[in-house]
Amino acid sequence: SQPILPIFTYPKFEAYLKKLIVILFLLQLHVFNMSAQDAIPTQKDSIQLTPLELKEKHLDSMWRYTRKQFYNNSYDLTIELGEQILPLAKEINNQKAIFSIHSLMGNAFLKLDDTLQAKRIFSESIARAEKLHDTTRTIITARIDLGNYYALQSKLASRAFSCSMYNSAI
């Protein structure tokens, strides 16, 4: 009986392994060659941007900053910044930014318990989306925001009722 040798000592396996290495090497060259053909994205200097592009960049930057303020619980600043950048979003007709700013401002008003302002903003957002026949998720977001308003109203009414029941029992 012959001793059992490890598989890598057989001549057929060596030939197979050599072919596999050549194929993997060629595949790597092919992939590298394809990636080298991709154009290198160039970044425009702000001097080369059109006035509209500059406004869009400014809006995007301010929207990100406003959003950051909301998530840092700076609700007053969120509202103030939202009021400043909303006219710019309307000027360049950036619907996504308009709806997003409305959502941030309305939710900031909710956090500050100014439910009347929150409802006004959410209602405006829904009316705008319906007027534009919006089919994206922005109208859904606006309706969810308004639902949050009604949920908060229900919670506040429940608390008020509980307090009045407690006070009448005393």
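One-based numbering along the sequence shown. Keep in mind that the numbers below use all heavy atoms, side chains included, and drop hydrogens, waters and symmetry copies. Note that this is a predicted model, so its numbers are computed, not measured.
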To the nearest 0.5 angstrom, please state how far the [atom1] atom of [X] sits from the [atom2] atom of [Y].
{"X": "Glu124", "Y": "Ile126", "atom1": "CD", "atom2": "CD1", "answer": "11.0 Å"}
{"X": "Ser74", "Y": "Lys111", "atom1": "OG", "atom2": "NZ", "answer": "13.0 Å"}
{"X": "Lys55", "Y": "Leu88", "atom1": "NZ", "atom2": "CG", "answer": "7.0 Å"}
{"X": "Glu91", "Y": "Leu52", "atom1": "CD", "atom2": "CG", "answer": "9.0 Å"}
{"X": "Leu49", "Y": "Lys57", "atom1": "CG", "atom2": "NZ", "answer": "6.0 Å"}
{"X": "Glu130", "Y": "Ser125", "atom1": "CD", "atom2": "OG", "answer": "10.0 Å"}

Distance only, no hydrogens: is a donor on one side chain within 3.5 Å (strictly under) of an acceptor on the other, for Asn93 and Gln95?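 The answer is yes; a qualifying pair exists.
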
Could you check whether Tyr75 and Asn73, counting side-chain N and O atoms only, form a donor-acceptor pair closer than 3.5 Å?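 Side-chain D/A pair, Asn73 to Tyr75: present.
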
For the student: nearest non-hydrogen atoms of [X] and [Y], plus distance:
{"X": "Gly82", "Y": "Thr66", "answer": "N-CG2, 4.2 Å"}
{"X": "Phe122", "Y": "Ser103", "answer": "CE2-O, 4.1 Å"}
{"X": "Gly106", "Y": "Ala118", "answer": "O-CB, 3.4 Å"}
{"X": "Thr115", "Y": "Tyr149", "answer": "O-CE1, 3.2 Å"}
{"X": "Thr78", "Y": "Gln69", "answer": "OG1-C, 3.4 Å"}

Does the side chain to side chain contact (heavy atoms under 4.5 Å, CB included) test come out yes or no for Phe109 and Ile121, once each step is laid out? CA-CA 9 Å; Phe109 277 120; Ile121 289 174; 3.4 Å; yes

Within the structure provided, determine whether [X] and [Y] are in side-chain contact (heavy-atom separation under 4.5 Å).
{"X": "Tyr150", "Y": "Lys119", "value": "yes"}
{"X": "Leu59", "Y": "Ile101", "value": "yes"}
{"X": "Leu81", "Y": "Tyr65", "value": "yes"}
{"X": "Leu112", "Y": "Ile79", "value": "yes"}

Could I get the full list of side chain to side chain donor-acceptor pair (under 3.5 Å) partners for Gln117, not counting sequence neighbours?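 Scan of Gln117 (side chain to side chain donor-acceptor pair (under 3.5 Å), adjacent residues dropped) gives Arg120.
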
Apply salt bridge (charged side-chain N to carboxylate O under 4.0 Å, His left out) to [X] and list each qualifying residue two or more places apart in sequence or on a separate chain.
{"X": "Lys96", "value": "none"}
{"X": "Glu83", "value": "none"}
{"X": "Asp114", "value": "none"}
{"X": "Glu80", "value": "none"}

Check the surroundings of atom CZ in Arg67: do more than 12 heavy atoms from other residues, nucleotides or ligands lie under 6.0 Å from it?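 Counting other residues, nucleotides and ligands, CZ of Arg67 stays at 12 neighbours or fewer.
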
Are Leu116 and Met105 linked, directly or through other ILVMFWY residues, by side chains that come within less than 4.5 angstrom of each other?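 Shared cluster, no.
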
List, by chain and number, the other hydrophobic cluster members for Leu20, where Ile, Leu, Val, Met, Phe, Trp and Tyr join if side-chain heavy atoms come within less than 4.5 Å, directly or indirectly.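 Answer for Leu20: Leu24.
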
